[in-house]
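Written below as structure tokens is the structure these notes are about.
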Amino acid sequence: MAPQEAQTMGMRRSGSETDFSEAEGGPREYRVRKSSLIGLINWSHVFTVYSPHIFVAALVALIAQLVPQLISLDFDSIKSNLSIPTVDEVVATIQSLRELPIFNPAIEATIVILIVVGWVARMENPIYLMAFSTFKAPESWKVTHEDLLNIMKAQKVFTEESLAFMRKILDKSGTGQATAWPPGIVQSLSGVPADRSIEASRKEAETVIFDIVEKALKEARVHPKEIDFLVINCSLFSPTPSLCAMVLNKFGMRENCQTYNLSGMGCSASLISIELAKQLLQTRKNKNSGLPFGGGGTALVVSTEIITPNLYHGNERGFLLQNTLFRCGGAAMVLSNKWSDGRRAWYKLLHNVRVQGSDQKSYECVYETQDKLGERGVVLSKDIVKVAGKCMEKNLTRLGPYVLPFTEQFKVVYSIVARKISKMVSKSNHPKIYVPDFKRAVDHFCIHAGGRAVIDGIEKNMQLEPYHTEPSRMTLLNYGNTSSSSIWYELEYIHYHQKTNALKKGDRIMQVAFGSGFKCTSAVW
């Protein structure tokens with residue numbers, strides 16, 4: 001579901017060097033041939049959103065028809081007709097009751113409508129995104145590429161070779177000249193030693209998380225005490241008490257609010273948190289209500305990464321990437337599965353898929369460890385591109401049947417069969433497996449802003465247009481790689497700023513993220 005018009009004010013993108021939306025010749029019109037199936041699915045969504053209102057209207061109509069009829073009935077005769085002991089006579093009595101004025105065709109039709117709508121409502125268990133917010137760092141946190149290199153020099157641990165390597169990575173990273181680093185590290189520019197203590201780390205977490213939670217709750221018009229579930233993911237900073245306890249204490253949430261703190265799951269963790277919140281909300285509805293539209297709850301999901309304690313102080317190249325790519329950021333999302341929230345929700349979750357590799361290469365390609373001198377950091381292996389591509393392929397293979405039109409699915413199956421037959425009859429010139437066109441089922445793409453090479457590779461493999469990857473490139477430029485929260489900066493760009501492929505009601509948005517383990521997560525809204 002597209003955002004409401006009233007929400008188009010209030011959130012601004014930070015200044016950038018370029019703007020893809022202001023391309024020469026004005027905004028580019030989006031002309032991808034869509035599947036006719038999409039329209040049907042959208043109408044189904046409309047029906048499920050308004051089904052509670054249809055149910056209530058039908059119930060009122062039934063009562064309005066029954067009351068006058070009940071007043072005029074002879075209850076003594078009905079009582080005598082109902083006191084029949086045998087099954088055959090009970091059936092005969094029911095048939096005779098249908099001949100009474102109370103069971104006229106209009107009332108029977110209303111009862112059928114109630115049953116159908118109630119059944120549909122019980123089958124549908126939607127998850128709505130009521131609002132989300134992202135962290136906008138103060139100016140004192142923002143650094144240029146040169147500032148960042150001066151911060152590294154101020155640590156007095158990096159060799160000239162390492163500094164040159166980090167400069168090379170920065171120049172090719174696609175990040176802009178106003179991305180955020182925490183104050184405990186930025187103070188190195190003033191000659192003050194970097195503060196990587198747990199207190200400085202906690203201060204960064206409080207600044208980021210409190211800001212986004214307050215804004216998200218305000219946008220969603222939800223009071224902190226209305227939150228039933230709180231899920232926070234942060235990979236490399238997991239203090240005691242937990243970040244969930246910190247938020248619970250700050251905002252005075254209920255004591256019975258169920259909290260979950262996820263760590264070590266990397267840049268893919270946000271959609272894993274969304275999946276967990278979805279399962280918790282749907283379980284709550286199923287347990288707490290036997291009525292079609294009863295039950296439900298509200299969940300708050302927070303995704304962030306804390307940079308302060310994770311500045312690598314060594315000179316091994318595999319570890320140095322974390323010093324140049326990652327930036328401060330965070331996002332908070334308010335989810336609900338209450339039927340009454342359907343009309344005012346910003347988006348509805350349609351599908352989510354998670355794939356995780358279990359082999360040794362997948363496990364070690366993003367690995368927190370120590371270098372030869374005992375300096376702690378996260379090392380990225382040379383296999384990461386290959387592992388990520390394989391993991392994403394599996395993820396999209398599972399997601400495809402839920403979102404792709406039948407014509408695209410048929411082409412994939414046909415190409416696989418043709419390739420197998422070709423291998424049986426010859427040893428060369430085998431046809432390639434068809435890459436499905438996800439643009440026929442999805443209007444907007446939020447690809448994890450892990451780096452320019454990541455975005456370029458996905459754009460090429462999925463045959464996307466530049467305006468499809470524009471949100472990812474602009475997020476990388478304006479905010480850098482903010483880890484798990486990057487896909488929400490991208491959604492924010494689509495939500496408020498993009499002109500080349502403007503958001504419309506009924507549009508579908510796909511989010512794709514990668515993380516340690518190795519994992520690939522995706523969601524379609």
Side-chain angles (χ1 to χ4, degrees), residues 133 135 137 141 180-187 193-214 216-217 224-225 227-277 279-280 298-313 319 322-323 326-335 363 366-370 374-379 482-485 515-517 519:
S133 67
F135 177 68
W141 290 33
W181 270 67
I185 306 297
V186 173
Q187 67 186 23
D195 184 0
R196 298 187 293 157
S197 66
I198 191 165
E199 288 306 319
S201 304
R202 198 186 299 274
K203 183 64 177 177
E204 180 192 346
E206 291 174 350
T207 303
V208 174
I209 295 175
F210 292 169
D211 175 73
I212 56 180
V213 168
E214 182 177 356
L217 293 176
K225 290 191 180 296
I227 298 298
D228 301 297
F229 304 102
L230 171 63
V231 183
I232 298 181
N233 66 268
C234 181
S235 288
L236 297 174
F237 181 61
S238 184
T240 301
S242 68
L243 296 176
C244 284
M246 183 182 78
V247 172
L248 219 68
N249 174 263
K250 170 66 177 179
F251 291 93
M253 295 179 179
R254 301 195 320 266
E255 293 182 356
N256 64 344
C257 175
Q258 297 182 36
T259 62
Y260 301 85
N261 209 105
L262 307 182
S263 64
M265 308 197 81
C267 303
S268 63
S270 187
L271 292 181
I272 294 174
S273 298
I274 293 291
E275 179 186 17
L276 174 59
Q279 293 175 355
L280 292 169
T298 306
L300 174 64
V301 175
V302 178
S303 299
T304 189
E305 194 56 73
I306 304 306
I307 305 296
T308 299
N310 296 301
L311 180 63
Y312 171 63
H313 272 56
F319 293 83
Q322 74 178 79
N323 288 358
F326 294 100
R327 301 293 189 273
C328 293
M333 293 67 67
V334 179
L335 303 175
Y363 177 65
V366 181
Y367 199 78
E368 184 180 16
T369 184
Q370 294 175 319
E375 293 292 339
R376 184 178 63 86
V378 176
V379 62
T482 60
S483 189
S484 60
S485 63
S516 57
K519 295 179 288 294

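In what follows, every heavy atom counts, from backbone to side chain, and hydrogens, waters and symmetry copies are set aside.
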Closest contact, heavy atoms only, S273 versus L262:
OG-CD1, 3.5 Å
Quick one: side chain to side chain contact (heavy atoms under 4.5 Å, CB included) partners of S235, sequence neighbours excluded?
E305
Of S484, S483, S303, the one forming a side chain to side chain donor-acceptor pair (under 3.5 Å) with S270 is S303
Heavy-atom pair with the smallest gap, counting every atom of S268 and K519
OG-CE, 3.4 Å
Partner set under side chain to side chain contact (heavy atoms under 4.5 Å, CB included) for S242, not counting sequence neighbours
C244, A245, N261
Nearest atoms (heavy-atom pairs only) where I227 meets R254
O-NH1, 3.4 Å
Which residues share a side chain to side chain contact (heavy atoms under 4.5 Å, CB included) with E214, sequence neighbours left out:
F251
Under 3.5 Å donor-acceptor, Q322 side chain and N310 backbone
yes
For residues V301 and A277, report the shortest heavy-atom separation together with the two atoms involved.
CG2-CB, 3.8 Å
Drop me the distance from I307's CD1 to T482's OG1, to the nearest 0.5 angstrom.
9.0 Å
Listed by chain and number, what are the ring-ring contact (aromatic ring centres under 6.0 Å, His included) partners of F319, not counting sequence neighbours?
Y312
Counting heavy atoms not belonging to F210, are there more than 12 under 6.0 Å from its CZ?
yes
How far does CD of E204 sit from CD of E199, to the nearest 0.5 angstrom?
13.5 Å
For M253 and L300: C-alpha separation, side-chain torsions, deciding distance, then whether side chain to side chain contact (heavy atoms under 4.5 Å, CB included) applies.
CA-CA 11 Å; M253 295 179 179; L300 174 64; 3.8 Å; yes
Taking D228 for the side chain and T298 for the main chain, is one N or O donor matched with an acceptor at less than 3.5 Å?
yes
Would you give the length of the straight line joining atom CD of E375 to atom OG1 of T369, rounded to the nearest 0.5 angstrom?
12.0 Å
What I'd like to find out is whether the side chain of P309 reaches to under 4.5 Å of the side chain of L236, using heavy atoms alone.
no
Can you confirm whether K250 sits close enough to V213 that some side-chain heavy atom of one is under 4.5 Å from a side-chain heavy atom of the other?
no
Can you measure from OG1 (T304) to CG (L243) and round to the nearest 0.5 angstrom?
8.5 Å
Exercise: identify the closest heavy-atom pair between I272 and M265:
CD1-CE, 3.6 Å
For the atom pair CG (L217) and OG (S133), what is the distance rounded to the nearest 0.5 Å?
8.5 Å
Taking every non-hydrogen atom, the tightest pair across F237 and R202:
CZ-N, 3.8 Å
Any chance you could measure E206, atom CD, to I306, atom CD1, to the nearest 0.5 Å?
10.0 Å
Just wondering, do L230 and V247 contact through their side chains at under 4.5 Å, heavy atoms?
yes
Return the set of residues passing ring-ring contact (aromatic ring centres under 6.0 Å, His included) with F135 (not counting sequence neighbours), or none when no residue passes.
W141
Non-neighbouring partners of A331 that pass side chain to side chain contact (heavy atoms under 4.5 Å, CB included), sequence neighbours left out:
T134, M333, S485, W488
